[in-house]
Amino acid sequence: MKKLFYIPVLTAGLLAGTLLPAYGLNGTAAAMEASVAPAQSEINPALPNVVILATGGTIAGSSDSNTDTTGYKAGALGVETLINAVPEMKGLANVSGEQVANVGSPDVDNTILLQLAKRINELLARDDVNGIVITHGTDTLEETAYFLNLVVKSDKPVVVVGAMRPATAISADGPFNLYNAVKVASAPESKGKGVMIMLNDRIGSARYITKTNTTAVDTFKSVEQGYLGAVVGDKVLFYNEPTRKHTTQSVFDVSGLTELPQVDILYEYQNNGRYLYDAAVAAGAKGIVVAGSGNGSLSSASSEGAEDAGKKGVVIARSTRVGSGTVSSSSSDLADNFVSTDSLNPQKARILLMLALTKTNDAAQIQSYFNEY
């Protein structure tokens, strides 16, 4: 059983100021794995029940300096600190929390993805859980969100949230992002929208939104397909619906999985060679996503390496390094064990290809998944 403990309530303003180091919550603090729940006397039966699953990241980051927005320690604070820092959430929902992991998002691996997905499905199967919020580092947030979009087996709201500034920074964006995420997870109209990403007042679909800037707080954008909606004042407003299959419509099921197939990403550039394809195959890759130039184009050397990999049964997924647009299919793709990735960027294409390979090695069937999800 996870240890339950409580800490003093901090306001969002104190969390964003210089008081955190005084509480010992600086860059060297190690957050304990814990769960936190409201006291029985604090539960409001008229409100929905939302569970926050914390994984670390900048939203739980800390630094000795309140002007440090780049040199902080990610994942320094635990879920109980994040919840107690935003007591205003109590007016939205009965909020409880669990610490699933506490890492910077580049260290979120397949083991954490599977653990997180299974726990979400366990929680959402309960009648007393109405929605889930996941706190996450922004660097790979879109990958986790898209993975969950494909494997969560519920139409209840699931919202992934992060921050671009650590909790100790002046004007930290994490507390209000978290408040808005709980607001979205609590809203009845959020049901059936698939997994959503909530930052900077905007609600994005896990399928379409991506990180576009290294440090700006408005980094998450859905340039071509647009946002699902926004939080404006005290209202959750939806304007669009995701059209691709997700959650309850998905054929992908991780309940019995303990690992995922190895899929690597290779980047197309001038004067590249085939040796990275050979190395990926030798290392055990079952699939390779190519961040191709333009419309998923490969050089002659890359094509040679990719085609040889395809002959060995490795599925090659052509994406693009461009940043937007749809990679069209080629008439020779399936013959070479290639698929095109539609409008998925390389990192999301890797997620779908991993899950596709848990179902089949047939390139034609995998292509149909890229056409539908």
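The model shown is predicted, which means the values in this text are computed figures rather than measured ones.
In this model, a donor atom of one side chain and an acceptor atom of the other lie less than 3.5 Å apart for S302 and N272. A side-chain N or O of N180 and one of D201 form a donor-acceptor pair less than 3.5 Å apart. For the residue pair D333 / S340, no side-chain donor-acceptor distance below 3.5 Å is found, with atom types taken as modelled.
Of the candidates K348, H136, Q347, E142 forms a side-chain hydrogen bond (donor to acceptor under 3.5 Å, both in side chains) with just one, namely Q347. Remark: of the listed residues S293, S297, S299, S299 is the sole one forming a side-chain hydrogen bond (donor to acceptor under 3.5 Å, both in side chains) with E268.
Dense packing is recorded around NZ of K211, with more than 12 heavy atoms of other residues, nucleotides or ligands lying under 6.0 Å away.
Transitive grouping of hydrophobic side chains (ILVMFWY, heavy atoms separated by less than 4.5 Å) brings L53 and F147 into a common cluster. The hydrophobic cluster containing V251 also contains L344, counting ILVMFWY residues as joined when their side-chain heavy atoms lie under 4.5 angstrom apart, directly or transitively.
The ring pair (Phe, Tyr, Trp, His ring centres under 6.0 Å) check on F252 picks up Y369, Y373, with sequence neighbours excluded. Under the rule for a salt bridge (Lys or Arg N to Asp or Glu O under 4.0 Å), the partners of R126 that lie at least two apart in sequence or sit in another chain are D128.
Side chain of T358 to backbone of L355: a donor-acceptor contact under 3.5 angstrom is found.
Cluster partners of V217 are M164, counting Ile, Leu, Val, Met, Phe, Trp and Tyr whose side-chain heavy atoms approach within less than 4.5 Å, directly or via other members.
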